[in-house]
> 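Let me begin by handing over the structure; questions about it come next.
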2 protein chains.
Amino acid sequence: MRKGPATRGIGPDEPLGFVIASVGNAAALAFETALAAVDLHPRHFAVLRGLRGGAEQTQQQLAASLGIPASRLVGLLQLLIERGLVQRREAPHDARVKLVKLSPSGLTELRGLLQLAGESEQRLIRGLTEQEQAELRRLLGVVYDNVALERGSGPARVW
Amino acid sequence: MRKGPATRGIGPDEPLGFVIASVGNAAALAFETALAAVDLHPRHFAVLRGLRGGAEQTQQQLAASLGIPASRLVGLLQLLIERGLVQRREAPHDARVKLVKLSPSGLTELRGLLQLAGESEQRLIRGLTEQEQAELRRLLGVVYDNVALERGSGPARVW
DNA sequence: TATTGTTATACTCTATAACTATA
DNA sequence: TATAGTTATAGAGTATAACAATA
């Protein structure tokens, strides 16, 4: 043998950019699969996550913070409200505005989903020591910053 | 301040799985943007790449190796043939079968695209030493293998 | 009957443009 | 006029099913 270092399934001459992209895609798919077990999609998770602070928000605010058109939020909220995970009421001072927030069971659900995400993640990083995990996070952080630099703001949403 | 370690744009408590996913997505987007400059999409690049060996293949073979339905390959090939990047002929022994391969200019084009990918990648990993790059590759390789283990085969295609 | 490439169909996801009701 | 939420519309991308030619 000649060099040594040992990336097995991955083709050592595979461009690193492709490796990052395909591993990232696989990570997203793994989480999507995990979420499917509770019949949710990552985009619903993202909405719940956007409400994690607990405070009431207008749909405009929430949509803006998620980086999606308000019209798209409508359908996502509909499902979450049907399931009792999100509460909605008319704003007292302006009948046009609606305020949404996480319901108590929505908060519980969100915690469960984060747990789920953690388990999915554990399967991804199985075999890495604590130090290696930290190093991976640090290195990806640099890449993340480079991307953020190249585009206007931070990397786009995954879903 | 309280803890310290220093992933800047990224939120140190962001789950590592999400970090991988969003960085990977950003890498894919960056390459897509780079490809748009020559009016191609990553999926066309993938087809060219599938033909990189130079040997003739049937469309069935090519589609299978790319993991897409043969019907989907039709449109992709159409564009590439129009541009003279791919050549197609009827198989001599079986009139149902068509054989495709990279044209000479297609090979040139592919080399240029790989160059483009390399430059895009360099912008991603800017600031990492050679050693850090190798380490990142190694760590991602482990994650890659974990994913490959979890699902049947290797991580899915990016596009 | 079976297979190759192709076309038709149907479905999902998306953004943008209307629309309504308030202000 | 302007704004919040909603619904309608249109477009892209996809997989599957149907199809025509050949084996």
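Within every chain, numbering begins at 1; the chains are lettered A, B, ... in the order of the sequence lines, protein sequences first and strands thereafter. Computed from a prediction, not measured in an experiment: that's the story for all the values here.
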> Judged by atom type as modelled, is there a donor-acceptor pair below 3.5 Å linking the side chain of B:R137 to the main-chain atoms of B:A134?
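No, B:R137 side chain to B:A134 backbone: no donor-acceptor pair under 3.5 Å.
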> When the distance from CD1 of B:I68 to P of D:dA15 is rounded to whole Å, what number comes out?
8 Å
> Who pairs with A:Q131 by side chain to side chain contact (heavy atoms under 4.5 Å, CB included), at least two apart in sequence or on another chain?
A:T129
> Contact boundaries of DNA chain C with chain A (under 4.0 Å, heavy atoms), 5' to 3'?
C:dC13 to C:dA23
> Name every residue in residues 39-59 of chain B that has at least one heavy atom under 4.0 Å from any atom of DNA chain D, in order of residue number, or write none if there are no such residues.
B:R43
> Just to be sure I understand the geometry, which residues of residues 89-98 of chain A put a non-hydrogen atom under 4.0 Å away from DNA chain C?
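Under 4.0 Å from DNA chain C: A:D94, A:A95, A:R96.
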> Rounded to whole angstrom units, what separation is found between the CD atom of B:E32 and the C1' atom of D:dA12?
12 Å
> What residues form a side-chain hydrogen bond (donor to acceptor under 3.5 Å, both in side chains) with B:S103, not counting sequence neighbours?
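In terms of side-chain hydrogen bond (donor to acceptor under 3.5 Å, both in side chains), with neighbours along the sequence ignored, B:S103 is linked to B:S105.
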> For A:R96, enumerate each residue passing the side chain to side chain contact (heavy atoms under 4.5 Å, CB included) test, keeping only those at least two apart in sequence or located in another chain.
A:D94
> Under the 3.5 angstrom rule, does the side chain of B:R126 hit a backbone N or O of B:R123 as a donor-acceptor pair?
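At least one qualifying donor-acceptor pair exists.
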> Assign each of B:L99 and A:P69 to its nearest nucleotide of DNA chain C by heavy atoms, then name whichever residue's nucleotide is nearer the 5' end.
B:L99
> Mind checking whether A:F45 and A:F31 have parallel, tilted or perpendicular rings, split at 30° and 60°?
perpendicular
> Among B:L85, B:V47, B:L107, whose side-chain contact (heavy atoms from CB on, under 4.5 Å) with B:L102 holds?
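Going through the options one by one, the only one that passes is B:L107.
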> Does B:E130 have any side-chain hydrogen bond (donor to acceptor under 3.5 Å, both in side chains) partners at least two apart in sequence or in another chain, and if so, which?
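Per chain and number, B:E130 pairs via side-chain hydrogen bond (donor to acceptor under 3.5 Å, both in side chains) with no residue.
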> Calculate the interatomic distance between B:L79 atom CG and D:dG13 atom C1'; express it in whole Å.
15 Å
> Just jot down the side chain to side chain contact (heavy atoms under 4.5 Å, CB included) partners of A:E135, sequence neighbours excluded, or say none.
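Once residues adjacent in sequence are excluded, the partners of A:E135 under the side chain to side chain contact (heavy atoms under 4.5 Å, CB included) criterion are A:R138, A:L139, B:E135, B:L139.
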> Name all pairs fulfilling the salt bridge (charged side-chain N to carboxylate O under 4.0 Å, His left out) condition that reach into residues 75-89 of chain A, sequence neighbours left out, sorted by first residue then second.
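Checked against salt bridge (charged side-chain N to carboxylate O under 4.0 Å, His left out) - neighbours excluded - the pairs reaching residues 75-89 of chain A are A:D39-A:R83, A:E56-A:R89.
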> Who passes side-chain hydrogen bond (donor to acceptor under 3.5 Å, both in side chains) against B:E119, sequence neighbours left out?
B:Q115
> Under the rule for side chain to side chain contact (heavy atoms under 4.5 Å, CB included), what residues qualify as partners of B:A91, not counting sequence neighbours?
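B:A91 satisfies side chain to side chain contact (heavy atoms under 4.5 Å, CB included) with B:H93, B:V97, B:L99 once adjacent residues are dropped.
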> Would you indicate, yes or no, if D:dT3 has its OP1 or OP2 atom less than 4.0 angstrom from a side-chain nitrogen or oxygen of A:Q60?
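Checking D:dT3 against A:Q60, no side-chain N or O comes under 4.0 Å of OP1 or OP2.
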> Could you point out which residue of A:L80, A:L77, A:L35, A:V38 forms a side-chain contact (heavy atoms from CB on, under 4.5 Å) with A:H44?
A:L80
> What is the bend of the helix from C:dT1-D:dA23 to C:dA23-D:dT1 when you compare the axis at one end with the axis at the other, using five pairs each and rounding to 10°?
30°
> Just the rounded figure in Å: distance from P of D:dT14 to CG of B:L66.
13 Å
